[in-house]
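Below is one structure, written out as structure tokens; the observations come after it.
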Amino acid sequence: ATPDRSGLQCGGRRAVGRERVDALLRTAQAQASSPGDGGSSPAEIDVVQAAEDVLAAVSDARAVWGERHVLAEARRHVVRLTRGRSSAADGLAERITERVLEHGSLSITPPDLHRPFAPLLRADGTSIYRRRESVLYTSREVLAAEDRVLNAARTVVVPALARDRFTEVADHFQGHELDAGQRRLAKAFACSDRLVVGGIGPAGAGKTTALQLVRDAVVGGGGRLIPLAPSSRAAKVIEGDLDTTAYTLHGWLAQRDQLT
């Protein structure tokens with residue numbers, strides 16, 4: 001495994017993460033420049049800007065969201081900006097949510113097949129046969145990030161390890177015994193000629209054990225495995241499981257940018 005490979009593998013959400021950081025900076029600057037207790041009154045809050053900040057926070061945490069996710073983040077955002085001086089009665093969080101859904105989000109829920117029938121509609125205009133909170137959204141930025149990951153998965157590169165070398169290391173692997181699925185997963189990670197390879201499985205399926213074989217195979221072939229994690233806590237867990245230094249994704253990308 002190489003630094004460039006790991007960085008591109010995890011770089012798909014980089015732009016979304018930067019939007020989240022920018023939103024946090026704007027919030028901190030607004031609070032620092034406000035008089036008195038540092039909070040803004042509900043009337044002083046720019047709904048358009050607040051909607052951009054809320055969308056950045058929601059899209060950084062999930063690729064698909066519903067109205068309730070946006071509303072929850074909008075309420076937290078309002079509390080931060082007003083230092084708790086806003087109440088539910090002013091409807092500020094609801095106005096921010098409406099702005100996010102109408103101007104920043106893309107609905108990915110198919111329309112109803114039949115025209116609405118008034119006696120079978122709820123007060124909000126939705127059909128009683130459609131489950132509540134079933135309308136889902138995403139954003140152009142998230143779709144662009146996913147496109148980058150998909151394009152990387154189609155990009156052919158030089159494999160990190162030759163297949164015969166992997167077989168040699170796997171035959172002498174000293175860890176837990178691997179089943180056929182774990183061995184295929186490890187071989188795909190170590191020997192694939194694709195820039196990005198994904199491995200999905202439930203907890204306890206043996207993904208970490210398979211990665212231990214990947215580690216041994218890559219190191220045995222003269223390479224270096226660079227584990228990346230979304231948080232420092234997750235990085236420490238990976239370090240313990242793989243007995244190798246792990247990094248947080250954002251920290252590693254920042255260090256790479258400084259070197260390039």
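If you read the sequence from its start, that first residue is 1, and numbering goes on from there.
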Let me know which of Val70, Asp53, Leu71 forms a side chain to side chain contact (heavy atoms under 4.5 Å, CB included) with Val100. Val70
If you count heavy atoms of other groups shown closer than 6.0 angstrom to NE2 of His176, is the number above 12? no
Please indicate whether Asp171 has more than 12 foreign heavy atoms, meaning atoms of other residues, nucleotides or ligands, lying under 6.0 Å from its CG. yes
Gap between atom [atom2] of [Y] and atom [atom1] of [X] - 0.5 Å precision:
{"X": "Trp252", "Y": "Ile226", "atom1": "CH2", "atom2": "CD1", "result": "5.5 Å"}
{"X": "Leu92", "Y": "Thr97", "atom1": "CG", "atom2": "OG1", "result": "9.0 Å"}
{"X": "Ser192", "Y": "Arg163", "atom1": "OG", "atom2": "CZ", "result": "7.5 Å"}
{"X": "Lys207", "Y": "Phe189", "atom1": "NZ", "atom2": "CZ", "result": "10.0 Å"}
{"X": "Glu94", "Y": "Glu67", "atom1": "CD", "atom2": "CD", "result": "9.0 Å"}
{"X": "Ile96", "Y": "Leu101", "atom1": "CD1", "atom2": "CG", "result": "12.0 Å"}

Is there a path of hydrophobic side-chain contacts, each under 4.5 Å between heavy atoms of I, L, V, M, F, W or Y residues, that connects Val58 with Leu136? no
Transitively linked via ILVMFWY side-chain contacts under 4.5 Å: Val142 with Val135? yes
May I ask you to test the [X]-[Y] pair for a side-chain heavy-atom distance under 4.5 Å?
{"X": "Thr167", "Y": "Arg183", "answer": "yes"}
{"X": "Leu106", "Y": "Tyr137", "answer": "no"}
{"X": "Asp193", "Y": "Val158", "answer": "no"}

Tell me the closest heavy-atom pair linking [X] and [Y], and the distance in Å.
{"X": "Ala190", "Y": "Phe166", "result": "CB-CD1, 4.0 Å"}
{"X": "Ala74", "Y": "Ala93", "result": "CB-O, 3.7 Å"}
{"X": "Leu225", "Y": "Thr244", "result": "O-OG1, 4.3 Å"}
{"X": "Gly104", "Y": "Leu55", "result": "O-CD2, 3.4 Å"}
{"X": "Arg99", "Y": "Ala51", "result": "CG-CB, 3.3 Å"}
{"X": "Thr248", "Y": "Ser231", "result": "CG2-C, 3.6 Å"}

Evaluate the side chain to side chain contact (heavy atoms under 4.5 Å, CB included) criterion for residues Lys187 and Gln182: first the C-alpha distance (whole Å), next the side-chain angles of each, then the deciding distance (0.1 Å), finally the verdict. CA-CA 9 Å; Lys187 187 174 185 178; Gln182 291 172 304; over 6 Å; no
Candidate pair Asp257 and Leu259, rule side chain to side chain contact (heavy atoms under 4.5 Å, CB included), full reasoning: CA-CA 5 Å; Asp257 286 344; Leu259 296 175; over 6 Å; no
Under a 4.0 Å threshold between the charged nitrogen and the carboxylate oxygen, would Glu73 count as salt-bridged to Arg62? no
Do the charged groups of Glu239 and Arg233 touch, with an N to O distance under 4.0 Å? no
Check: His69 side chain, Gly66 main-chain N or O, donor-acceptor pair, under 3.5 Å: yes
Donor-acceptor contact present, side-chain Gln258 to main-chain Gln255, <3.5 Å: no
Whether the Trp65 and Ser59 side chains hold a donor-acceptor pair (N or O, under 3.5 Å, no angle test) is what I'd like checked. no
Tell me yes or no: between the side chains of Asn151 and Arg148, is some donor less than 3.5 Å from an acceptor? no
Test Thr138 against Ser105 for side chain to side chain contact (heavy atoms under 4.5 Å, CB included), laying out the working first. CA-CA 6 Å; Thr138 187; Ser105 301; over 6 Å; no
Steps toward salt bridge (Lys or Arg N to Asp or Glu O under 4.0 Å) verdict (Glu168, Arg165): CA-CA 5 Å; Glu168 180 182 345; Arg165 179 56 177 160; 3.1 Å; yes
Using residues 209-220 as the side-chain source, report each donor-acceptor pair under 3.5 Å to any protein atom, sequence neighbours left out, with the distance given to one decimal.
residue: Gln212; atom: NE2; partner: Asp241; partner atom: O; Å: 3.0
residue: Arg215; atom: NH1; partner: Leu242; partner atom: O; Å: 2.6

Go through it in stages, so that I can follow the logic: the residues are His77 and Arg80, the test is side chain to side chain contact (heavy atoms under 4.5 Å, CB included), and I'd like the CA-CA distance, side-chain angles, deciding distance and then a yes or no. CA-CA 5 Å; His77 191 70; Arg80 289 194 295 267; 3.4 Å; yes
